[in-house]
Amino acid sequence: MSDHQNNQPAEHVAPEVKIFSSGLRLGTGRTGDSGAANAVLSGGMDRLLATRLQVKALDYTPVELPHVTEDQIHQDHPRLKYLEPIRQHDFKLKDGVFNALQEGKIPFTIGGDHAIAIGTLAGVLEHSASEGKQVFALWFDAHTDINTPSGSESGNVHGVPLAVAQGHTEGLFEDFYPSQHFVQGPHSAFVGVRSIDPPEEELAQQAGMHLFRASRLKEIGPEWPVQIAEEVSELYRNSGASHFHFSFDLDGVDPSVAPSVFTDVPGGPSLAQALRFVEELMARVRVDSMDFVEFDPALDNAAGDGLRAAQMVVSKLVEGLRK
Ligand SMILES: NC(=[NH2+])NCCC[C@H](N)C(=O)O
């Protein structure tokens with residue numbers, strides 16, 4: 001939607017955005033630094049984003065990765081992989097996100113796998129608790145990431161963050177939520193879902209979460225980005241929540257266009273449709289915090305299609321923040 005159609009003034013006031021970056025891959029069960037954020041911000045992207053945000057340089061904070069060796073995989077938990085190092089990493093990210101919000105900035109975390117969202121959402125929830133606000137979380141993703149820690153089949157922490165943020169802390173993440181403020185089931189929406197584990201399906205139904213599956217998008221046809229953006233913004237408006245967190249997982253896009261993800265599931269929207277959805281949504285909803293996750297340069301094809309897709313999404317997300 002153009003500014004004209006949206007009746008917004010031509011002059012934009014640049015929001016203050018604080019970018020966090022993380023090369024976390026432990027949430028997929030793999031050690032090492034993915035270097036994703038550096039790759040995404042390479043090739044002049046940092047300058048482009050700074051221009052879009054109308055600032056001289058990006059306020060850019062890398063979150064340090066703990067040094068981890070493969071023998072630590074089940075050191076802290078019989079099922080969840082690399083639990084303690086992920087907790088350490090995410091706790092730092094939580095503090096950063098919380099402080100950015102307290103300073104009136106929009107935190108944007110470029111991951112990293114989706115396990116980073118335990119940290120980002122914990123920071124968002126602590127901030128919102130201090131302001132008496134409820135949080136609405138939107139996942140653009142092939143998955144729902146609502147496995148409870150004890151219910152996760154794979155043991156990969158990137159499959160649990162939204163269950164944890166809904167209060168399924170199970171004695172493992174209590175220290176992340178001193179205010180015991182969580183995302184309510186009906187304040188969670190998912191767009192592009194096509195891989196959901198049976199316990200996740202059950203929890204989604206029980207808790208009243210809103211699933212916009214890939215099959216539904218196909219039924220609607222090419223105009224789904226407009227319709228779903230409208231439906232999500234309507235849900236948000238009627239929810240009583242007043243903080244909108246947008247978590248964009250690159251695997252939500254079809255793997256033929258974004259081959260650079262760990263858990264690829266065919267049958268997703270095209271890149272053009274995903275970008276259009278971001279645009280339509282952000283024309284309707286003021287996003288207060290964001291994540292971009294699951295891009296891994298090591299998994300990209302020789303043509304660099306994944307990097308291209310990642311940069312286009314990140315750039316569109318930042319563009320959407322202009323008000
Ligand atoms: N953010 C992601 N890519 N999540 C994938 C999760 C896959 C699967 N449901 C699991 O829990 O292991």
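Counting convention: from 1, in listed order, for ligands and their atoms alike. None of these values were measured; they are calculated from a predicted model.
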I need the contact type for [X] against ligand 1. Using non-hydrogen atoms and a strict under-4.0 Å cut-off, is it side chain, backbone, both or neither?
X: V160; value: neither
X: E294; value: side chain
X: H143; value: side chain

Does a salt bridge link [X] with [Y], judged by any charged N lying under 4.0 Å from a carboxylate O?
X: D90; Y: K92; value: no
X: R216; Y: E219; value: no
X: R87; Y: E84; value: yes
X: D113; Y: R25; value: no

Using 30° and 60° as the class boundaries, would you call the ring planes of [X] and [Y] parallel, tilted or perpendicular?
X: F248; Y: F140; result: parallel
X: F277; Y: F246; result: perpendicular
X: W139; Y: H245; result: tilted

Under 3.5 Å: N/O of D251 near N/O of ligand 1: yes
Considering only heavy atoms of [X], which atoms of ligand 1 have at least one such atom less than 4.0 Å away?
X: G159; value: 6 (C), 11 (O)
X: H114; value: 1 (N)
X: E200; value: 9 (N)
X: S154; value: 10 (C), 11 (O), 12 (O)
X: D249; value: 1 (N), 2 (C), 3 (N)

Among all protein heavy atoms in this structure, tell me which lies nearest to [atom], with the distance rounded to 0.1 Å.
atom: atom 4 (N) of ligand 1; value: D145 OD1, 2.9 Å
atom: atom 8 (C) of ligand 1; value: D197 OD2, 3.6 Å
atom: atom 11 (O) of ligand 1; value: N147 ND2, 2.9 Å

Exercise: do Q227 and E231 side chains pair donor with acceptor under 3.5 Å: yes
